[in-house]
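Residues: numbered from 1 along the sequence shown. This is a predicted model, so every value here is computed, not measured. Whatever order the structure lists ligands and atoms in, that order sets their numbers, starting from 1.
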Amino acid sequence: DATEISPKDIDQLARTSFPLCMRHMLEKVRHLKSYVHGLPLDQGAGLKLEDALTFWRSEFSQKVGSERFDKEYAYSIRHNYGKEGKRTDYTSYSCQKIISATPGVGDHHGCPYRHFGEENLRAALNNMGVGGNALEGILDKVKNRHYQLACTMTFEATHGVSCDTGINHPNQYFSESQKVLQ
Ligand code: SF4
């Protein structure tokens, strides 16, 4: 399966194919503030539960120790994969749902186009290599509350192709990107 990814590939994939929301999540996960919300994309992309545990363990164990990781974090990760506790299909988090969510203080889910201030968004897009007219066009869409259009334009600017379907799901952004890059 071409979409199967291993933990070591995540950095590379994040650079080339993650939408802004997931890039942000991954960054924040590395600062140990939020971890469970980083999982939907992994799952959608075919990352296996055990691979995910290995990945998150390597991310966290330096900071919290592997014993504490297993006790406190592994449960949450399994939970997200529906192995324990309430079964929730996180892959159903469409852009619309993410955009309409209200992230609390210290939360890092949400859509950056909707939830970042202009300065942060500018910096994040610059970081993705988006500047000039493309950047201004995207910020213009954001001002008019067309967040998914802004994301679609970011996709187009970073991939050099047009995306006629538009972006409606973080996993779709990822798979469209992989289609272009493979
Ligand atoms: Fe993520 Fe969707 Fe927002 Fe793009 S529009 S950053 S894919 S939530």
Side-chain angles (χ1 to χ4, degrees), residues 2-3 5 9-31 33-47 52 55-56 80 88-182:
T3 60
I5 56 175
D9 296 328
I10 289 181
D11 276 330
Q12 173 61 25
L13 287 169
R15 258 195 306 280
T16 60
S17 297
F18 275 21
L20 201 46
C21 54
M22 289 303 172
R23 292 165 67 99
H24 180 62
M25 201 78 73
L26 187 63
E27 240 169 70
K28 292 304 168 188
V29 158
R30 298 204 155 126
H31 290 99
K33 286 179 181 158
S34 170
Y35 49 97
V36 289
H37 299 293
L39 291 165
L41 182 70
D42 303 342
Q43 192 179 31
L47 185 67
F55 170 71
W56 298 110
N80 273 268
T88 308
D89 182 11
Y90 284 87
T91 57
S92 66
Y93 278 39
S94 64
C95 292
Q96 221 181 343
K97 193 166 172 185
I98 296 167
I99 286 167
S100 58
T102 313
V105 177
D107 271 356
H108 299 288
H109 57 284
C111 173
Y113 298 96
R114 163 84 171 81
H115 297 112
F116 277 16
E118 183 179 333
E119 210 173 306
N120 270 348
L121 185 56
R122 222 173 241 284
L125 289 167
N126 270 324
N127 232 342
M128 292 175 83
V130 181
N133 286 341
L135 177 61
E136 298 312 319
I138 292 163
L139 293 173
D140 202 56
K141 291 290 176 228
V142 169
K143 274 184 200 125
N144 291 301
R145 299 168 172 258
H146 297 307
Y147 307 113
Q148 284 172 245
L149 262 179
C151 188
T152 304
M153 286 167 70
T154 303
F155 181 96
E156 294 179 337
T158 52
H159 291 77
V161 296
S162 69
C163 176
D164 299 332
T165 50
I167 298 300
N168 51 54
H169 195 295
N171 288 359
Q172 176 228 355
Y173 185 110
F174 178 81
S175 58
E176 296 285 338
S177 170
Q178 289 291 289
K179 260 188 246 164
V180 173
L181 298 173
Q182 274 164 8

Strictly under 2.8 Å, is any N, O or S atom of Cys151 next to atom 4 (Fe) of ligand 1? yes

What I want to find out is whether Lys179 reaches Glu176 closely enough, with some N-O distance under 4.0 Å, to be called a salt bridge. yes

Could you tell me whether the side chain of Gln148 and the main chain of Ile167 form a donor-acceptor pair under 3.5 Å? yes

State if Tyr113 counts as touching ligand 1 under the rule of any non-hydrogen atom under 4.0 Å. yes

Cys111 neighbourhood, listing ligand 1 atoms whose heavy-atom distance to it stays under 4.0 Å: 3 (Fe), 5 (S), 6 (S), 8 (S)

Per-atom contacts of ligand 1 with Pro19, taking only distances under 4.0 Å to non-hydrogen atoms: 7 (S)

Return the residue, atom name and 0.1 Å-rounded distance of the protein heavy atom closest to atom 1 (Fe) of ligand 1. Cys21 SG, 2.3 Å

Is any N, O or S atom of Cys95 under 2.8 Å away from atom 3 (Fe) of ligand 1? no

Side-chain contact test, heavy atoms from C-beta onward, threshold under 4.5 Å: evaluate it for Leu125 versus Leu20 and give yes or no. yes

Is there a side-chain contact between Gln96 and Asn168 in this structure, where contact means two heavy atoms from C-beta onward sitting under 4.5 Å apart? no

Derivation of the side chain to side chain contact (heavy atoms under 4.5 Å, CB included) call for Val142 and Phe116: CA-CA 10 Å; Val142 169; Phe116 277 16; over 6 Å; no

